[in-house]
2 protein chains.
Amino acid sequence: MGEQTVQLDGLDARLIALLGTEPRIGVLELSRRLAVARGTVQARLDKLIARGAIKGFGPEVVPAAIGFGVTSFVTLEIRQRYGHDAVAGHLADIPEVLEAHTITGSGDILCRIVARANADLQRVIDQIVGYEGIVRAHTIIALAELIPYRTAPLVQSSYNAK
Amino acid sequence: MGEQTVQLDGLDARLIALLGTEPRIGVLELSRRLAVARGTVQARLDKLIARGAIKGFGPEVVPAAIGFGVTSFVTLEIRQRYGHDAVAGHLADIPEVLEAHTITGSGDILCRIVARANADLQRVIDQIVGYEGIVRAHTIIALAELIPYRTAPLVQSSYNAK
DNA sequence: ATCTGTGCTGGTCAACCTGTGCAATCCGTA
DNA sequence: TACGGATTGCACAGGTTGACCAGCACAGAT
């Protein structure tokens, strides 16, 4: 359940866009801005959440703002017989690992790491490769954020107009 | 303003954690769960937001749930004289580009791309490399999400206990 | 043409929450 | 000991929520 895909329409898209710009807004205010009935907004929101299109409204913590100014992408090569899951478990224990994916191509896992500074990044990477299931790590440091993570344009482009 | 770093304490961390698990919760309910006064919760939240530690409470849209099941990481090599900004502008026009960073090492820009399917990914990449400022693209496809994007463990580990 | 399910509308209701202001209290530091 | 900053408890008015309902419009099925 929830793993299906949802086809958005214009109202859904406007709703998400509006919530994106003014997140703490209420359902009533949303209905006013969108010029629809309050119940409609409630129903749409419920549906989007129920179907998994919207995961949640969690506070978006900015790592850089709480002292983790260095972002890096690390490609890991793993010892196959250990399996991805075991390695994933190891990575999950390290708070600085913000996400991890298995990937195609050279390297087996790509993960996003943050650290307080370059020297601190070294510590984190040492911690990662300290696990015997990991053979090697290739580190790429992010210098500047050209496009911060966003989904708004995607939402806008993804609905088929009524 | 907002680009400084904030030192969290235990209450901040608990507050963020609680908001993470139950995002639609109100300030009053938060204060009850944390066993502090409502005004304190409000003050803390305001401060966290004002200092940039929390960027917002936007709806977290799941690309996979609205039809974009393929995630990939693309490394771009650019023609230096065009400059990063021009390329960033081009990338920003493509909705499927969810984020982009300048990076160290081989390649100049790393970006995260989603697409409806592998064939669709080809279309998006063609669109990206169609710009003359971009020399080459190396594509890595994400097969599975071992660790979905998270900041909770980071927040937990980042405060110095009172 | 009629029926039917679905979604939207506009309205009501009681209960609750928010934003705001204020005086009192606590606590670390000068 | 005195000060400033943070926290607490309390109060108020106004707005919001969740739940409900009847009416209506529309598309598809009969």
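In what follows, every chain begins at residue 1, and chains take the letters A, B, ... in the order their sequences are listed.
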Starting from C1' on D/dA6, measure out to CD on B/Gln42 and report it in whole angstrom.
15 Å
Rounded distance (Å) that lies between atom P of C/dG7 and atom CG of A/Asp9
12 Å
Roughly, in whole Å, what's the span from CD in A/Glu29 to C1' in D/dT17?
14 Å
With heavy atoms under 4.0 Å as the rule, sort B/Gly26 into base, sugar-phosphate or nothing.
sugar-phosphate
Given the side-chain rings of A/His138 and A/Phe73, with only the six-membered ring counted for Trp, is the space between their centroids under 6.0 Å?
no
For atom CG of A/Asp46 and atom C1' of C/dC8, their distance in whole Å:
15 Å
Measure CG/B/Leu28 against C1'/D/dG14 and give the value in whole Å, please.
16 Å
Less than 4.0 Å between a side-chain N and a carboxylate O, is that true for A/Arg123 and A/Glu96?
yes
Between D/dT16 and A/Arg38, counting only base atoms on the nucleotide and side-chain atoms on the residue, is there a donor-acceptor pair under 3.5 Å?
no
Could you state the atom-to-atom distance from CG of B/Leu45 to C1' of C/dC17 in whole Å?
15 Å
Test the A/Arg112-B/Tyr149 pair against the cation-pi criterion, namely NZ or CZ under 6.0 angstrom from the six-membered ring centroid and within 45° of the ring axis.
no
Between atom CG in A/Leu11 and atom P in C/dC8, what is the gap in whole Å?
7 Å
When all nucleic acid strands are considered with a 4.0 Å heavy-atom cut-off, which category describes B/Arg44: base, sugar-phosphate, or nothing?
sugar-phosphate
Within the 4.0 Å heavy-atom criterion, would you say A/Arg32 contacts the bases, only the backbone, or no part of the nucleic acid?
sugar-phosphate
What is the distance, rounded to the nearest whole Å, between atom CZ of B/Arg14 and atom P of D/dT7?
12 Å
Looking only at the side chain of A/Ala37 (C-beta and beyond, no hydrogens), which of the listed nucleotides C/dT18, D/dT8, C/dT9 gets closest?
C/dT9
Any side-chain to backbone donor/acceptor pair from A/Glu145 onto B/Ala100? Under 3.5 Å, distance only.
no
